[in-house]
Amino acid sequence: MSIALTYNTTNESFNRLVSIIIPYYNNSKTIKSTLKSLDNQVYKNIEILIIDDNSDLDIPNLDNFNHLNIFYKRNQKNYGASASRNIGLSYAKGDFIQFLDADDIISPNKIYEQVKKLENNLDGIAFGDWAYFINNNESKNINENKYFRRNFDSADYLYELNNYFNRMMPIHSYLIPKKIIDKSTGWDETITLGDDGEFMNRIIPLANGLLYTPNCYAFYRRGNTQSLSHRRDHVSILSSLKCTESYEKVIKSFYPKNLKLIDSVVYRYTLNYHIFFDDKINGLFIKNKILNEYKSQFSFIGSKHSIWSQKILGLYNYLMLKKQLKKYFG
């Protein structure tokens with residue numbers, strides 16, 4: 001895929017600093033490709049904050065990137081990705097924040113196009129297209145964003161993102177004014193899986209709309225088996241439930257009379273119910289909440305495809321949990 005790189009950067013908006021926050025943990029094989037994508041950015045007024053979460057492996061030699069404005073900080077112990085992002089935010093000096101994992105990349109025009117898009121709406125959040133690639137395979141699937149190719153108000157965007165099984169928007173697809181993030185409590189450091197979605201669900205209601213920027217890409221790496229997104233232990237499943245509880249609080253606080261968004265809360269709890277599968281305590285909690293608080297028949301929420309997908313995933317989670325218990329306790 002080729003992108004034309006003819007840009008006018010004389011506008012006053014292009015004096016605004018963009019802070020790129022990269023949590024780093026043992027990403028020695030991928031960090032250089034991530035930094036190369038930043039070196040290739042058309043928009044040059046950037047600072048790069050690498051927060052090393054006490055990696056076991058030394059960060060590779062980055063002499064080839066000495067010309068970039070890089071700030072490096074190593075945590076004294078392993079705090080987790082969310083805490084590392086919060087630390088990055090505490091040092092960030094930019095007007096806009098670009099979150100980027102140390103194994104992902106962005107297209108050369110990404111920051112330029114989104115700064116330009118926010119020029120007339122500094123209270124909005126910009127987002128673009130995204131695609132995935134598998135490790136070092138340069139072949140990229142660019143059809144991942146088909147449901148989001150327009151501008152949204154915050155409520156409609158939340159619904160689109162949370163009411164369907166196959167919706168996703170990676171965190172590095174966004175460019176966010178720092179003043180919006182400063183109105184929040186930052187990243188929830190207790191969440192291990194789904195932390196990016198939980199964070200954005202709290203940030204989006206604080207914005208004056210979501211602005212789509214076409215043809216600028218966030219590339220999301222698949223095939224990293226060490227990624228938290230591959231976790232299927234009980235802690236990560238509980239984290240998923242906590243994300244839904246956080247989303248419920250957002251809807252009750254900002255949109256208490258929006259029936260579509262209330263339905264999306266029920267939908268998310270329904271998915272959590274099927275993920276838990278044989279967890280009687282949490283399963284009963286979810287079932288009672290849906291039936292009593294929301295007066296809804298949980299088993300009929302969502303498409304048949306999504307429900308059965310979650311049931312299969314739930315069975316897999318249960319079998320893996322039994323395998324772990326047998327390994328440690330016999």
Side-chain angles (χ1 to χ4, degrees), residues 17-41 43-94 96-108 110-111 130 132-138 140 170-174 178 181 186-196 199 217-233 235-236 239:
L17 179 65
V18 175
S19 298
I20 303 169
I21 298 175
I22 303 176
Y24 174 90
Y25 183 74
N26 290 345
N27 302 104
S28 58
K29 294 182 179 180
T30 59
I31 184 65
K32 289 187 176 181
S33 63
T34 299
L35 290 177
K36 183 178 179 181
S37 80
L38 299 182
D39 193 16
N40 290 336
Q41 289 300 300
Y43 192 88
K44 298 300 184 183
N45 193 14
I46 62 176
E47 63 172 2
I48 302 166
L49 299 98
I50 300 175
I51 310 300
D52 186 340
D53 199 26
N54 202 248
S55 297
D56 300 322
L57 305 174
D58 291 336
I59 193 168
N61 188 305
L62 301 179
D63 285 348
N64 289 339
F65 302 100
N66 282 342
H67 58 286
L68 295 178
N69 181 15
I70 295 179
F71 170 87
Y72 173 83
K73 177 176 173 56
R74 180 178 173 87
N75 295 338
Q76 293 183 347
K77 62 179 183 178
N78 182 245
Y79 294 118
S82 291
S84 295
R85 294 185 185 107
N86 281 336
I87 292 170
L89 284 170
S90 71
Y91 287 97
K93 301 175 182 177
F96 300 113
I97 300 296
Q98 168 73 65
F99 293 107
L100 183 63
D101 287 349
D103 58 352
D104 294 330
I105 59 179
I106 56 178
S107 63
K110 198 267 186 187
I111 293 177
W130 73 277
Y132 70 82
F133 65 105
I134 299 175
N135 286 333
N136 293 324
N137 186 348
E138 292 301 318
K140 300 176 177 70
I171 190 65
H172 58 305
S173 298
Y174 300 100
K178 189 172 186 295
I181 298 175
W187 289 73
D188 187 334
E189 299 176 12
T190 68
I191 292 178
T192 58
L193 180 66
D195 52 349
D196 49 356
F199 172 77
Y217 287 88
F219 295 111
Y220 176 81
R221 186 185 302 269
R222 289 183 177 176
N224 179 6
T225 58
Q226 302 303 313
S227 170
L228 278 174
S229 62
H230 283 78
R231 285 185 59 175
R232 289 292 178 264
D233 56 38
V235 172
S236 65
S239 182

Problem set entry | Counterpart residues, side-chain contact (heavy atoms from CB on, under 4.5 Å), relative to S55 (two or more places apart) | Y24, Y25, N26, D52, R74
Exercise. What pairs with Y174 under ring-ring contact (aromatic ring centres under 6.0 Å, His included), at least two apart in sequence or on another chain?
Worked result: none
Exercise. Quick one: are D195 and D188 in side-chain contact, heavy atoms under 4.5 Å?
Worked result: no
Exercise. Can you check side chain to side chain contact (heavy atoms under 4.5 Å, CB included) on H172 and I105, steps first, answer last?
Worked result: CA-CA 8 Å; H172 58 305; I105 59 179; over 6 Å; no
Seminar exercise, completed: Between I21 and the options N86, I97, I87, the side-chain contact (heavy atoms from CB on, under 4.5 Å) test singles out I97
For this session: Give the intermediate values and the outcome of side chain to side chain contact (heavy atoms under 4.5 Å, CB included) for residues K73 and Y91.
Result: CA-CA 10 Å; K73 177 176 173 56; Y91 287 97; 3.6 Å; yes
For this session: Quick one: do F199 and F99 satisfy ring pair (Phe, Tyr, Trp, His ring centres under 6.0 Å)? Show the steps, please.
Result: CA-CA 12 Å; F199 172 77; F99 293 107; 5.6 Å; yes
For this session: Rounded to the nearest 0.5 Å, what's the gap from OH on Y217 to CZ on F133? Could you check?
Result: 15.0 Å
Seminar exercise, completed: Sorted by chain and residue number, the salt bridge (charged side-chain N to carboxylate O under 4.0 Å, His left out) partners of K36 (sequence neighbours excluded) come out as none
Exercise. Does atom CG of N66 have more than 12 heavy-atom neighbours from other groups under 6.0 Å away?
Worked result: yes
Exercise. Considering residues at least two apart in sequence or located in another chain, which fulfil the side-chain contact (heavy atoms from CB on, under 4.5 Å) criterion with D196?
Worked result: I171, W187
Exercise. With distance as the sole criterion, is a donor-acceptor pair present between the side chains of S82 and E189 under 3.5 Å?
Worked result: no
For this session: Could you tell me whether the side chain of N54 reaches within less than 4.5 Å of the side chain of Q76, counting heavy atoms only?
Result: no
Problem set entry | Separation between CG of N61 and NZ of K32, rounded to the nearest 0.5 Å | 6.0 Å
For this session: Determine yes or no for a side-chain-to-main-chain donor-acceptor pair under 3.5 angstrom, with S28 supplying the side chain and I59 the backbone.
Result: no
Exercise. Any Lys/Arg nitrogen of R85 or D101 sitting under 4.0 Å from an Asp/Glu carboxylate oxygen of the other?
Worked result: yes
Exercise. Which heavy atom in I46 sits nearest to a heavy atom in L38, and how many Å separate them?
Worked result: CD1-O, 4.0 Å
For this session: State, to 0.1 Å, how close K110 and Q41 come at their nearest heavy-atom pair, and which atoms those are.
Result: N-OE1, 3.8 Å
For this session: Kindly give the heavy-atom pair with the smallest separation between P60 and I31, and that separation in Å.
Result: CG-CG2, 3.5 Å
Seminar exercise, completed: Residue set satisfying side-chain contact (heavy atoms from CB on, under 4.5 Å) with K44, at least two apart, ordered chain then number -> none
For this session: Could you tell me the separation between the OG atom of S19 and the NZ atom of K93, rounded to the nearest 0.5 Å?
Result: 9.0 Å
Problem set entry | Distance in Å, F219 CZ paired with S107 OG, rounded so as to fall on 0.5 Å steps | 5.5 Å
Seminar exercise, completed: Correct closest heavy-atom pair for H67 and N64 would be CE1-O, 3.1 Å
Problem set entry | Where I191 and L193 come nearest, the two heavy atoms and their spacing | CG2-O, 3.4 Å
Exercise. Can you tell if the side chain of S84 reaches within under 4.5 Å of the side chain of N75, non-hydrogen atoms only?
Worked result: yes
Problem set entry | All ring-ring contact (aromatic ring centres under 6.0 Å, His included) counterparts of Y72, not counting sequence neighbours | none
Exercise. Do D53 and N78 have side-chain N/O donor and acceptor atoms under 3.5 Å apart?
Worked result: yes
Problem set entry | side chain to side chain contact (heavy atoms under 4.5 Å, CB included) assessment of N69 paired with N45 | CA-CA 9 Å; N69 181 15; N45 193 14; over 6 Å; no
For this session: Check for a donor-acceptor pair, side chain of E47 on one end and backbone N or O of I70 on the other, with a separation under 3.5 Å.
Result: no
Exercise. Any side-chain heavy-atom pair from S33 and R221 closer than 4.5 angstrom?
Worked result: yes
For this session: Any chance you could measure I181, atom CD1, to L89, atom CG, to the nearest 0.5 Å?
Result: 5.5 Å
Seminar exercise, completed: Closest non-hydrogen contact found for A102 with P23 is CB-O, 3.8 Å
For this session: Scan side-chain atoms only and decide if D103 and T34 contain a donor-acceptor pair under the 3.5 Å cut-off.
Result: no
Problem set entry | Residues I20, L49; criterion side chain to side chain contact (heavy atoms under 4.5 Å, CB included); working and verdict | CA-CA 6 Å; I20 303 169; L49 299 98; 5.9 Å; no
